[in-house]
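This report concerns only the one structure given below.
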Amino acid sequence: MIEIEKNKILLFASEKNWVEGDSLMQLKKTSELTGMKLSCGMPDIHPGKGGPVGASFICELIYPHLIGNDAGCGAGLFKTSLRSGRLKTEKWIKKLKGLENTPERDLDEWMTENNVESSDHDKALGTIGGGNHFAELNKVNEIFDQKIFEEAGLDLKYLNLLVHSGSRGYGEVLYRSHTSKSGASPLVPDSDDAINYIEKQNKVLKWAKSNRKLIAERFMDRLNGDSQLITDSNHNSIVSIKQSEKNYWLHRKGAVPADDGLVMVLGSRGTLSYLVKPTNDCEKSAWSIAHGAGRKWNRGNCRGRLEKKWGVKDLERTDIGSTVICRNKDLLYEEAPQAYKNIDMVINDMINDGLIELVASFKPLITYKTRKK
DNA sequence: ATGTAC
């Protein structure tokens, strides 16, 4: 951990972890906002639109623009009924299609069964979305803590599904409800607007979690199997916390709660992802840990940097042997493993700072993004 | 990131 400003700005990264300068400038700028008590950069910090991605903030006020338009975005890990000893990868790839479309099943029934409140965004429920979102079938690669692994409900003999998605248009509407008239200005806690915003946000967070569950079910419908939730954590949210009898608002942007069970730290599609157990020492990082490898290149650079050396066919197959389903060519390049930092650096930094213990690692087999051009 | 924008 590097103390950029004593008790005010902390960076949970080692000296050898390359961190883009712009993201540190953003971290500093954010720390100067009115009411900001503590700003923490995670080891996967990189520049974002309203502030850095991969950061947690403890603040007296509420700043929606720091969270952005995808509140509730997160990752869910599901155990599937597919045996890991019987891979039918080619057959599965053929069967996986249409996940970007409105669900074919009876949504009303599903929403009732799963306690999802109806909203203007029902049609998007169960769809993956764009950007870095995906649904990925994976295989346990290594178990570091057998006891926690088993207690979590995982089993080496079965494949798992990792779903990274968010709140789709619902979060966008929430974001705009504040920023269209108030921009980057804060909400004052206990004001009607603040209460209303947080209430709406909490609905959005629930919706996004349900979205991941339905994506998992739709994915497994196509492979004639089922899925069982192991752990789900969002990485874009604002929650209230109490510290020495005072109320604060904990903002997490591309950072995962460290006080709510096991967490999947996402690699790129060409590397392992890690299931970790946050430690009680995470108080020092505002009860937050990194959400993934973190971008190395911004989206606009990727195709230009990679196209000469790697074609579509190359990128559809990763070094780790997994297959990527992504018919959108720009997106295929934007989300190439090369565009991300090394997940092992992020994991090692967190271990060395005492933030996490490893439970298991997972190797991707099929990463579904979109069949639409 | 987004039922994507002048």
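Below, chain A is the first sequence line, B the second, and so on; all start at residue 1.
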Separation of [X] atom [atom1] from [N] atom [atom2], in whole Å?
X: Asn211(A); N: dG3(B); atom1: CG; atom2: C1'; value: 14 Å
X: Arg299(A); N: dT4(B); atom1: CZ; atom2: C1'; value: 13 Å
X: Lys49(A); N: dT4(B); atom1: NZ; atom2: P; value: 15 Å
X: His121(A); N: dT4(B); atom1: NE2; atom2: C1'; value: 14 Å
X: Arg212(A); N: dA1(B); atom1: CZ; atom2: P; value: 13 Å
X: Asn69(A); N: dG3(B); atom1: CG; atom2: P; value: 9 Å
X: Lys372(A); N: dG3(B); atom1: NZ; atom2: P; value: 12 Å
X: Leu205(A); N: dA1(B); atom1: CG; atom2: C1'; value: 15 Å

Test log, rule salt bridge (Lys or Arg N to Asp or Glu O under 4.0 Å), inputs Lys341(A) and Asp44(A): CA-CA 8 Å; Lys341(A) 294 207 296 186; Asp44(A) 60 340; over 6 Å; no

Over 12 foreign heavy atoms within 6.0 Å of CG, Asp106(A): yes

His164(A) and His291(A) aromatic centres sub-6.0 Å: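 Between His164(A) and His291(A), the centre distance exceeds or equals 6.0 Å.
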
Donor-acceptor pair present, Asp70(A) side chain and dA1(B) base, under 3.5 Å: no

Under 4.0 Å, counting only non-hydrogen atoms across every strand here, what does [X] touch: a base, just sugar-phosphate, or nothing?
X: Gly129(A); result: sugar-phosphate
X: Gly166(A); result: nothing
X: Gly169(A); result: sugar-phosphate

Residue-phosphate contact under 4.0 Å: Arg168(A) side-chain N/O, dT4(B) OP1/OP2: no

Side-chain donor-acceptor contact under 3.5 Å, Asn211(A) with Ser165(A):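 Present: a donor and an acceptor within the cut-off.
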
